[in-house]
**Q** 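Quick one: structure below, then a few questions.
In what follows, residues are counted from 1 in the order of the sequence shown. All ligand and atom numbering here is 1-based and tracks the order in the structure.
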Amino acid sequence: MKFRHVASMAFWMALTTACTSQQQSVSPELSLKDAVGDQFLIGVALNTRQTAAGDSLSQNLVKRHFTAIVPENCMKMEEIHPEEDRYDFSKADELVNFGISNGLVVTGHCLIWHSQLAPWFCVDKDGKPVSAEVLKERMKEHIYTVVKRYKGKIRGWDVVNEAIIEDGSYRKSPFYEILGEEFIPLAFQYAHEADPDAELYYNDYGMDIEGRRNGVVKLIRTLKERGLRIDAVGMQGHMGMDHPDINEFEKSMMAFAAEGVKVMITEWDMSALPTVKQGANIADTLAYQAALNPYTESLPDSVSKVWNTRMKQFFQLFEKHADVITRVTAWGLTDNDSWKNDFPIKGRTDYPLLFDRNYQPKPFVKELMEEASAEQPVK
Ligand code: G3I
């Protein structure tokens with residue numbers, strides 16, 4: 001046992017040295033956050049390994065290149081409120097403390113979502129749907145407890161996640177089945193009561209799709225007509241090599257901004273693999289097929305060039321609308337951390353993020369940093 005431990009320690013030390021020395025290949029004074037400047041926050045979703053003590057590789061990369069963080073999973077109901085009378089804030093506290101102690105803007109993700117829902121939340125002891133009154137009480141208690149805990153530490157919350165489907169109608173989630181459309185205004189009301197200073201967001205995927213765009217516009221209007229606070233809409237930005245159409249994406253950005261809210265790109269990634277399913281509905285999974293996992297060793301230069309060009313086009317779109325975009329967040333730090341390696345097909349090797357498996361910036365990120373550095377006045 002001891003030998004294996006020593007061997008694995010030697011491996012990790014070698015990897016750290018290798019990555020650290022490789023990190024030198026990008027001139028040390030360049031950073032993505034400097035390239036972005038004050039256009040908008042540049043953020044990253046982090047998992048609990050990365051925010052626990054010890055992952056200095058990840059933490060150093062985050063501190064060097066990003067100005068914002070968001071928890072990938074640890075604040076979701078099934079993790080933070082697993083039983084009716086039990087909360088587990090341990091991982092969420094670790095992430096928030098990492099953010100605060102490093103001057104990073106922290107976003108809370110997410111308060112009300114049909115997925116990763118605590119199994120007890122919408123049902124009674126016999127597994128039957130609870131009454132509207134009971135669900136309202138449970139939502140209020142959950143949102144008050146979680147939001148109040150991080151008052152003054154978390155700038156804004158994904159209050160409701162993925163409640164509108166492609167045709168603009170409401171997803172038939174347990175929240176909708178029990179409370180109807182009312183569950184969304186209630187969630188925003190409770191979040192504002194819990195922390196009047198917090199920004200409040202509605203977050204969804206596939207926001208380039210016209211039906212969903214129109215449904216979200218209607219939702220923004222409803223919340224505003226009710227005098228409820230909504231600061232921004234989160235366009236998740238889970239992309240592929242063939243979707244979304246950048247013009248449709250821009251149309252949605254403009255449609256939301258026209259309603260008087262800001263726009264955030266909240267979960268940006270771009271799969272470099274063959275598209276098998278559009279959207280990010282975690283329930284849409286498929287069995288493994290080798291043909292759909294073509295780049296197990298590395299990404300061919302031809303594919304990498306197309307991917308980097310497409311990513312840079314979207315980043316330039318965000319910069320074009322920096323007056324309405326307040327945050328761009330990558331949904332993971334390095335390609336190895338991405339949920340896309342296991343969705344919609346488990347066990348693939350994808351290349352969807354801004355940093356590669358060696359913690360190196362992708363070519364388009366290097367270009368952004370070098371272009372920004374070249375524009376700096378000579379000191
Ligand atoms: O925590 C358990 C662990 O105990 C268990 O051993 C392991 C075995 O499978 O599963 C672990 O839970 C996994 C969880 O991530 C935490 O790692 C779940 O299986 C896995 O399904 C879950 O996936 C997350 C997914 O949301 C679930 O819906 C992804 O990491 C996360 O990136 C993804 O993020 C969502 C956003 O929150 C909302 N927008 C869509 C996006 C993609 O679905």
**Q** Can you list the atoms of ligand 1 that are under 4.0 Å from a heavy atom of Asn161?
**A** 38 (C)
**Q** Any idea which atoms of ligand 1 are less than 4.0 Å away from a heavy-atom of Gln236?
**A** 39 (N), 40 (C)
**Q** Yes or no, since that's all I need: does a protein heavy atom fall within a distance strictly under 4.0 Å of atom 38 (C) of ligand 1?
**A** yes
**Q** When the aromatic ring centroids of Phe40 and Phe318 are compared, is their separation below 6.0 Å?
**A** no
**Q** Counting non-hydrogen protein atoms only, what is the nearest one to atom 21 (O) of ligand 1? Give residue, atom name and distance.
**A** Ile282 CG1, 4.8 Å
**Q** Which bit of Trp113 is near ligand 1, meaning a heavy atom under 4.0 Å away: side chain, backbone, both or neither?
**A** side chain
**Q** Decide whether an N or O pair under 3.5 Å exists between Trp331 and ligand 1.
**A** yes
**Q** Does the protein put any heavy atom within less than 4.0 Å of atom 34 (O) of ligand 1?
**A** yes
**Q** Find out if a path of hydrophobic residues (ILVMFWY) with successive side-chain heavy-atom gaps under 4.5 Å connects Phe364 to Val303.
**A** yes
**Q** With a cut-off of 4.0 Å, which atoms of ligand 1 are near a heavy atom of Lys76?
**A** 26 (O), 31 (C), 33 (C), 34 (O), 35 (C), 36 (C), 37 (O)
**Q** Group every Ile, Leu, Val, Met, Phe, Trp and Tyr by side-chain heavy-atom contacts under 4.5 Å, then state whether Trp113 and Phe183 land in the same group.
**A** no
**Q** Does atom 3 (C) of ligand 1 have a protein non-hydrogen atom under 4.0 Å from it?
**A** no
**Q** Measure the spacing between CG of Asn247 and CG of Leu317 and express it to the nearest 0.5 Å.
**A** 9.0 Å
**Q** Could you give me the CA-CA distance, side-chain angles and deciding distance for Trp268 and Val328, then say whether side-chain contact (heavy atoms from CB on, under 4.5 Å) is met?
**A** CA-CA 7 Å; Trp268 195 28; Val328 173; 3.8 Å; yes
**Q** Measure from atom 24 (C) of ligand 1 to every heavy atom in Val70, Asn73, Thr266 and give the option owning the shortest one.
**A** Asn73
**Q** Does the protein come close to atom 16 (C) of ligand 1 - that is, does one of its heavy atoms sit below 4.0 Å from that atom?
**A** yes
**Q** Does only the side chain of Asn47 get under 4.0 Å from ligand 1, or the backbone, or both, or neither? Count heavy atoms.
**A** neither
**Q** Using modelled atom types and a 3.5 Å cut-off, is there a donor and acceptor pairing between side-chain atoms of Arg327 and backbone atoms of Ile42?
**A** no
**Q** Within a strict 4.5 Å, meaning less than it, do heavy atoms of the Phe256 and Lys262 side chains meet?
**A** no
**Q** Tell me which one of Lys151, Arg149, Lys148, Lys153 satisfies side chain to side chain donor-acceptor pair (under 3.5 Å) with Asp195.
**A** Lys151
**Q** Relative to atom 28 (O) of ligand 1, which among Gln116, Glu267, Glu162 owns the nearest non-hydrogen atom?
**A** Gln116
**Q** Measuring from Ile154:CD1 to Met75:CE, what's the distance to the nearest 0.5 Å?
**A** 3.5 Å
**Q** Short check: is a protein heavy atom less than 4.0 Å from atom 12 (O) of ligand 1?
**A** no
**Q** At under 4.0 Å between heavy atoms, is it the side chain or the backbone of Phe343 that contacts ligand 1, or both, or neither?
**A** neither
**Q** For ligand 1, which atoms have a heavy atom of His109 less than 4.0 angstrom away?
**A** 36 (C), 37 (O), 38 (C)
**Q** Answer yes or no for atom 7 (C) of ligand 1: protein heavy atom present at a distance under 4.0 Å?
**A** no
**Q** Report the C-alpha separation of Glu79 and Lys76 in whole Å, then their side-chain angles, then the decisive distance to 0.1 Å, and conclude whether the salt bridge (charged side-chain N to carboxylate O under 4.0 Å, His left out) test is met.
**A** CA-CA 5 Å; Glu79 307 268 349; Lys76 292 168 179 174; over 6 Å; no
**Q** Is it true that Asn203 and Asn161 share a donor-acceptor pair across their side chains at a distance under 3.5 Å?
**A** yes
**Q** Is the shortest distance from atom 30 (O) of ligand 1 to a protein heavy atom below 4.0 Å?
**A** yes
**Q** Of all the atoms in ligand 1, which lie at a distance below 4.0 Å from a heavy atom belonging to Ser115?
**A** 28 (O)
**Q** Are any of the side-chain nitrogens in Arg212 or Asp167 under 4.0 Å away from the carboxylate oxygens of its partner?
**A** no
